[in-house]
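One structure below.
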Amino acid sequence: MGLNQLWVSVVMLLFLQGARWCDCCWEDERIALLKLKAYFNYPNGNAMSSWEKIPNCCYWEYVACSPITRRVTSLYPWRDGRLGDWYLNTSFFLPFKELNDLSLEQINILGCVKNEGFERLWSLGNLESLDLSFNKFNNSILPSLSGLSSLKSLTLDNNRLKGKINIQELNNLTSLKELNLQGNEIEGLKSSHGLSKLRKLILNNMTTNERSPSLLHSLGAFPYLKTLYLQYNNFHEKIFAQVESENFTNLEELFLDSSSLNEESLTSLGALPSLKLLSLGSLRDNLPHQGLPSFKKLEHLHLDFSTIKNNVLHTISKMISLKTLSLVYCGLSGTIPATQGICELKHLQMLDVSYNDLSGTLPWCLANLTSLQRLYLISNHFTGKIFPVGGLTSIQELKLSGNHFQIPISLSPFFNHTRLKHLQGEDNEVYTELEVHNLIPKFQLETLVLPCLGYGGAFPKFLYHQHNLRVVDLSHIKMKGGFPFWLLDNNTNLEELSLANNSLSGPLQLPSHLHMRLSNLDISNNGFHGHIPMAIGASFPMLLNLKMSRNGFSGSIPSSLSNISFLEVLQLDGNRFSGCIPDNLYKCSYLEMLDVSDNHLSCRIPGSMSNVSSLKVLDLSRNNIFGSLPSYINPSSLVLVYLSYNRLQGSIKNAFYGCSDLITLDLGHNFLTGTIPEMIGSLSMLGYLFLSYNNLEGEIPKHLCNLDLLRLIDLSHNNFSGQILPCLRCTGGSGVIDPETDDDRQPLDFTIKWSTYSYQGKILSMFSGIDLSHNKLSGEIPPEIGALSGIQVLNLSHNNLTGPIPPTFSNLSEIESLDLSYNNLDGKIPPQLIQLTSLAVFSVANNNLSGSTPKRVAQFATFDESSYEGNPFLCGLPLSMSCSAAISPSPSPRVSTVDEAESGFIDMDVFYVSFVVAYIIILLTIAAVLWINPYWRQAWFYFIEVSFTKCQYFLEDNVYVLFKFRV
């Protein structure tokens, strides 16, 4: 007999192992799942479309199987909501004999098909969890659930249950531990003593719309209840009467968050003798003045986001068993009371008063909290030194961020704290102590975050004795010394090291061993110099972010960076790197940001950039990058591109094709030629287009009008001709186009108020404008430009524009800088422009405008003569010409007299000879200099071109005046 049993066991074991090795589902259940899919999709749905793409149904979406038997144990099918309401046939679930978890959440079920309700599932003896939330079941569903004897969790929230619910219909659910009825219109629960194992009851959002909370009177039917949720309710009477509270002797956790409580309902909570956790977060009304009842056994109190008075801090001292006190965003002000308050909670283990307006110094009585393990004081106005915290000998986690504490960089107050592991104190002030401490601290930190103000001096000595550090941030504290390679050697689990914006210097010295945990290294804005070690990629193979901006590194960029396979961010800007960008960076297939701007790189854009498919931010600006724009820089993920201030040449015709997510394209200050390609119009997300200071020509293409999200357009200092597009758009107002990349935005140079400024980040996202100045644009200004009411800058100066200034410009309500100077505009200045109350810079100088200047009111009272000069027929203040003495429209030409200097004493023959000789010498000198220096030669020809243009405008203006005189 024993041998037979052994054989049976072996056979069963082989059978089970075979099922595991097979790693497949049962064919009968696979067929049943496909039938279920067809049923849920009737008549034309497309839910669970991924099913059948792989043969093993255990790996199908919304399906989970037992790892041993490979039978289906969990099902979460869904149905397209556009198919409308429907009735469920539960018999489709009968083939799944081991079904343990069934979720039919939010699929618009009205009820069940007749005789095909949940009573058909009574035979599923393994079903423990049933979720029917967010459907349209009514009270009639309850009897069909009564036979699910194995059920432990039943969720019926947000259905159409109404009135008094007969819980006796669920008496047979003897295993039920959790019942969720929230979001229904239940008025009461008929008494039941059958659910003896029910431990958790959720009745959130049950007494809204001022319905009577009478259902609470029947909660005594659950004498063994331990957790009760009554969130999002309105209570205007006692929640628990004294008699009823006898039935809640086991209730330990009560959640009343986002409810409305008055004094009576709050007082009734004191009748719960076993209450250990009370959550009153985000209460709709202020906590009553008398505070909270004296809960003798309460261990955890959460009042986050509820408005309470400071006197609550005194009443809390009566809760002698309290271990957790959370008062985040409670509107507390003043100081922490030194007596009859928090300091008397001897058993307190966690205290969080973050994000309030508490001030003053910490009371010394805090040292009495010898059991305190976690203390959070984030974002208050505390001042002074942290010595009282030094008495918290059990402290493990201390967060002091966002205050005005003075923290010694040596951390000497904590030297005897054996349990301290996490210290965060950013945005405070650090200082160095006069006395040097040579003691070895008893703590071993895991987190040290102190990016503060103040002066940190040299690296504190306690760091030499730390071996468990995972996160270190000592940025912004003017720390001196070299790169702490020893810190990496001593802490092999270090994941993040940030030393940005200090005074560190010297070469970058790598640790002596391979560091497999370091994922973030930031040493930006220091004084490091020399070459980056070629082995940096091998030393830190797991880096995700490497930031070495604004140092003095020189030489070439190490090719070993390609060994960092998971690198996402590489910032090397603001150094002295020379040579080329490594060709093998394509191996960093996860690279999202490459910033090597403001260096001395001199090369073409490497062809390998086409293989970095995940690249979002590319910044090569302010280098000596030359050659043409390659057509292969077109990863679909590209969002921000900065290539300005280089020596790029040729056309931009084929570049960036397919970059549909591109937001910023900055190609300014190069030598690009040709026209703007039609491809630009397909970049539907483009918000910032900078092509200034190039040699682009042709008309401004109409496909720019397809860009609905444009905020800044700078086409200045080119050779564009033709007319201004009336359909040109420029989105105004505030807002961030792409919040994910907002922090990665580099500065963009834009001219406003006759000066060039750099804009970036959120300021850039709230700024909009158009700069078409210094081109050859002609024709009249389209009145449609006046519809761009949200722009701050409009610069159309130094063109050949004619016609009047459109009166619609008075609609540019947000305009701050309007420059129309150096054109051929005529007519009167629209008097409606005085409505532009935000205008700080205004110029119509050097045009052919006539009539009077605008009234000197509001902003126009601040503009001087330079805003109007160069218009001979313009009069009125601030010009010197009065409109009453203005030039007649038909003036007589002025006749000049010639015979003025016939009796001069200069020898004219000598004068002519010397003038010719000097002229020839000057010409030869200029020609020699221009021949030797190509940069001056280019600048000279540009100067000649500008001079000819100005002469042309001068002659045209004066010929026009003389012509009017003669007429």
Side-chain angles (χ1 to χ4, degrees), residues 29 32-51 60-64 72-97 99-124 126-167 169-170 172-173 176 178-186 189 202-206:
E29 292 190 339
L33 286 172
L34 293 178
K35 290 181 179 180
L36 180 70
K37 173 187 174 182
Y39 174 62
F40 269 58
N41 283 325
Y42 180 83
N44 55 357
N46 192 35
M48 298 165 282
S49 58
S50 63
W51 289 12
W60 289 358
E61 195 175 11
Y62 315 115
V63 178
V72 173
T73 56
S74 299
L75 270 177
Y76 314 101
W78 70 281
R79 175 180 166 94
D80 193 337
R82 291 173 294 185
L83 296 179
D85 298 339
W86 62 302
Y87 289 89
L88 177 67
N89 184 345
T90 63
S91 62
F92 282 91
F93 299 105
L94 289 176
F96 309 109
K97 302 301 182 182
L99 190 62
N100 177 267
D101 183 5
L102 176 60
S103 176
L104 301 173
E105 177 184 1
Q106 202 170 358
I107 51 176
N108 295 326
I109 304 177
L110 277 174
C112 294
V113 177
K114 187 177 181 180
N115 299 323
E116 299 293 345
F118 286 96
E119 63 275 1
R120 295 293 307 274
L121 303 185
W122 291 1
S123 61
L124 298 181
N126 294 311
L127 189 62
E128 295 183 352
S129 176
L130 178 61
D131 187 351
L132 303 176
S133 57
F134 290 93
N135 283 291
K136 300 177 182 180
F137 290 110
N138 56 31
N139 297 20
S140 63
I141 190 180
L142 296 178
S144 68
L145 300 174
S146 61
L148 300 174
S149 58
S150 60
L151 209 60
K152 294 182 179 180
S153 174
L154 175 59
T155 303
L156 288 168
D157 68 281
N158 291 281
N159 276 277
R160 293 180 176 178
L161 304 180
K162 293 183 179 181
K164 288 192 175 182
I165 302 299
N166 187 3
I167 296 296
E169 295 176 336
L170 301 179
N172 292 333
L173 303 182
L176 195 66
E178 179 178 340
L179 176 61
N180 187 344
L181 298 174
Q182 69 175 346
N184 288 285
E185 297 182 10
I186 299 174
L189 302 174
I202 302 177
L203 296 174
N204 298 335
N205 196 21
M206 301 293 288

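Worth saying up front: this structure is predicted, and the values here are computed from it rather than measured.
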Output for pair (Asn184 CG, Asn204 CG), nearest 0.5 Å, gives 11.5 Å
(message) If you count every heavy atom of other residues, nucleotides or ligands that lies below 6.0 Å from Lys136 atom NZ, does the total exceed 12?
(response) yes
Heavy-atom closest pair (Ser146 atom, Asn172 atom, distance to 0.1 Å) is O-CB, 3.0 Å
| said: Any non-hydrogen side-chain atom of Leu127 less than 4.5 Å from a side-chain atom of Phe93? | reply: no
d(Leu75 CG, Leu33 CG) to nearest 0.5 Å is 6.0 Å
| message | Are the side chains of Asn108 and Arg79 in contact, using a 4.5 Å heavy-atom criterion? | response | no
Here the gap from Asp157 atom CG to Asn205 atom CG, rounded to the nearest 0.5 Å, amounts to 10.0 Å
Rounded to the nearest 0.5 Å, the CG atom of Leu124 sits from the OG atom of Ser150 at a distance of 8.0 Å
Sequence neighbours excluded, the answer for ring-ring contact (aromatic ring centres under 6.0 Å, His included) partners of Trp86 is Tyr39, Phe40
What one should report as the nearest heavy-atom pair of Leu34 and Trp60 is CD2-CH2, 3.7 Å
For Thr90 and Gly117, the nearest pair of non-hydrogen atoms, with its separation, is OG1-O, 2.5 Å
- Hey, does Leu132 have a side-chain heavy atom less than 4.5 Å from the side chain of Thr155? no
task: Using a 4.5 Å cut-off on heavy atoms from C-beta on, say whether the side chain of Leu173 contacts that of Leu179.
output: no
Sorted by chain and number, sequence neighbours left out, ring-ring contact (aromatic ring centres under 6.0 Å, His included) with Tyr42 holds for none
So CD1 of Ile165 and CD1 of Ile186: to nearest 0.5 Å the spacing works out to 4.5 Å
Tightest non-hydrogen contact, residues Leu145 and Leu156, listed as CD1-CD1, 4.2 Å
Per side chain to side chain contact (heavy atoms under 4.5 Å, CB included), Glu128 is matched among Leu176, Leu99, Asn100 by Asn100
Verify whether one side chain among Asp131 and Ser133 offers a donor that lies under 3.5 Å from an acceptor in the other. yes
Quiz item: What class does the angle between the rings of Tyr62 and Trp78 fall in, given that below 30° is parallel, 30 to 60° is tilted and above 60° is perpendicular?
Solution: perpendicular
- Query: Should Leu83 and Pro43 count as side-chain neighbours, where that means a heavy-atom distance under 4.5 Å?
  - Reply: yes
Practice problem: Examine distances only and state if a side-chain atom of Asp80 and a backbone atom of Arg82 form a donor-acceptor pair shorter than 3.5 Å. | Solution: yes
Minimal heavy-atom distance between Asn135 and Leu104, with the atoms involved, is ND2-O, 2.8 Å
Review point. Is Leu121 close to Leu94 at the side-chain level, that is, under 4.5 Å between some pair of heavy atoms?
Key: yes
Rounding to 0.5 Å, atoms CG (Asn139) and CG (Asn166) come to a distance of 9.5 Å
Backbone N/O of Val72 and side chain of Glu29: donor-acceptor pair under 3.5 Å: yes
* **Whether Trp122 side chain and Ser144 backbone form a donor-acceptor pair below 3.5 Å** => yes
On a heavy-atom basis, the closest approach of Gly111 and Ile109 is O-CG2, 3.2 Å
